[in-house]
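Take a look at the structure set out below.
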Amino acid sequence: MDQKLVVVEKKDQRLYDIAEKLTKNIHDVVIEYKVTEEEWISAIEFLTEVGVKNEYILLSDVMGVSVLVNDLAHHHDHEEHVTDHNVEGPLYRANAPLVKTPAQLCTNEAILKSEQPYVMVGQVLSVHGNPIPHAIVDVWQADEKGDYENEDPNQPEYNLRARIETDAKGRYEFKSILPGGYEIGKGGPTGKFLKRIGRHAWRPAHIHFKIVAEDFNELTTMLFIPNDPWIDSDAIGAVKDSLILDLKKVDSVSEQQKNGFNKAFSITEYNFKLIPKDN
Ligand code: BEZ
Ligand code: FE
């Protein structure tokens, strides 16, 4: 049953090789599982619906292909620690408010109401440890319920999003609330498929970053809140140990007041390390 693809014109060799391998893998699965005509038609109907509902990226995400392609694209040979890349995800919005550090990602009211106020501080550094002044830390996150502003009519425009400019020492700082886990769209074909094969649709709580600095490669990544119930089973398989935050709980009342909080809050320090361009 070995299928050799017939070439009629000058071929794109790489595409030919990938198509041939993919074809062979599909044949192997069909043979191994003795896929029936009904099953094959239903697989084709599923893929058609994925296209109609514009869910191919989501399907690639839950199959772990998006993260795999991102890993390969950003593989580097630096021996020094460089911050790991990650996928951007579908919920990024360009042109979030541009602010100087220290910043706040939501209203005072939201922070005071929150059960989990949060402070994040750190520096943007070169791979050799030199601070990068005037870098832009573009940050976006969900609220405590796991909802992003652009999917939730109850949140203000650009809530929990900002582009923070680092100071002369490459430092950034922002106040926010800890995000909750996010459940990816369950209503469409991808969600139904996950349910049918017994997989959940949760992403562990995380905060996204896109760091832009002159003369450095752009870094897109996400940092994870520790001890999340889904940290070991992210629906898109994006968790990397180096990207799990180390949170400290601050109980001291004077520290709470100094930061404008009315309850214990979490704080973490995280430095981003960027690769110089053409390296
Ligand atoms: C997210 O990061 O929020 C996300 C990533 C992939 C699919 C859906 C959501
Ligand atoms: Fe996200």
Side-chain angles (χ1 to χ4, degrees), residues 49-51 53-74 83-96 105-106 110 114 116 118 120 137-155 157-164 174 176-195 197 199-211 218-245 247 268 270 272:
E49 200 191 345
V50 168
K53 299 276 164 62
N54 200 12
E55 284 194 0
Y56 266 106
I57 294 180
L58 189 60
L59 184 62
S60 146
D61 291 345
V62 303
M63 293 180 83
V65 184
S66 304
V67 167
L68 187 56
V69 171
N70 183 263
D71 277 349
L72 292 171
H74 297 285
T83 305
D84 281 325
H85 257 262
N86 218 316
V87 291
E88 181 177 295
L91 295 149
Y92 176 67
R93 279 183 78 188
N95 303 320
L105 304 193
C106 54
S114 162
Q116 309 229 55
Y118 173 60
M120 183 156 174
V137 177
D138 197 343
V139 50
W140 70 105
Q141 62 163 96
D143 69 5
E144 287 162 313
K145 296 196 292 282
D147 295 325
Y148 285 86
E149 155 270 340
N150 49 344
E151 289 189 334
D152 178 5
N154 298 318
Q155 291 185 47
E157 180 88 342
Y158 282 111
N159 193 38
L160 297 169
R161 295 173 191 266
R163 284 179 296 153
I164 306 167
F174 64 86
S176 185
I177 54 177
L178 281 180
Y182 174 89
E183 195 171 21
I184 62 174
K186 285 185 305 181
T190 310
K192 287 185 201 148
F193 166 69
L194 288 184
K195 187 150 193 259
I197 63 170
R199 274 182 55 187
H200 70 74
W202 285 95
R203 298 222 52 224
H206 58 274
I207 304 177
H208 296 269
F209 294 88
K210 194 188 279 286
I211 318 268
E218 189 172 297
L219 168 73
T220 299
T221 193
M222 62 180 108
L223 299 176
F224 294 88
I225 311 303
N227 305 319
D228 184 283
W230 314 108
I231 198 93
D232 295 322
S233 63
D234 182 1
I236 71 163
V239 179
K240 298 171 188 178
D241 287 348
S242 65
L243 300 178
I244 301 178
L245 289 168
L247 291 190
T268 189
Y270 193 92
F272 296 96

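Remember, it's 1-based here, ligands and their atoms both numbered in the order they're listed. Just so it is clear, the model here is predicted, and its values are computed rather than measured.
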- For Ser60 and Ser66, test the side chains for any donor-to-acceptor distance below 3.5 angstrom and give the result as yes or no. yes

- May I ask you to say whether Arg203 pairs ionically with Glu183, meaning some side-chain N is under 4.0 Å from a carboxylate O? no

- Check the pair Glu149, Gln141 against side-chain contact (heavy atoms from CB on, under 4.5 Å), reporting the backbone distance first and the verdict last. CA-CA 9 Å; Glu149 155 270 340; Gln141 62 163 96; over 6 Å; no

- State whether a side-chain donor-acceptor pair under 3.5 Å links Ser233 with His200. yes

Can you give me a line-by-line list of nitrogen or oxygen pairs between ligand 1 and the protein shorter than 3.5 Å?
| residue | atom | partner | partner atom | Å |
| --- | --- | --- | --- | --- |
| ligand 1 | 2 (O) | Arg203 | NH1 | 2.8 |
| ligand 1 | 2 (O) | His206 | NE2 | 3.2 |
| ligand 1 | 2 (O) | His208 | NE2 | 3.0 |
| ligand 1 | 3 (O) | Tyr148 | OH | 3.3 |

- Does a side-chain N-to-carboxylate-O contact under 4.0 Å join Lys240 and Asp71? yes

- Distance flag, aromatic centroids of Tyr92 and Trp140, threshold under 6.0 Å: yes

- Check Asn150, Asp138, Asn95 against Arg161 for a side-chain hydrogen bond (donor to acceptor under 3.5 Å, both in side chains) and give me the one that passes. Asn150

- Task: Return yes if a side-chain donor-acceptor contact under 3.5 Å exists between Thr190 and Glu55, otherwise no.
- Result: yes

- N, O or S atoms of the protein lying under 2.8 Å from the Fe ion (ligand 2): Tyr148 OH, His206 NE2, His208 NE2

- With a 4.5 Å heavy-atom cut-off, do Asn86 and His208 have their side chains touching? no

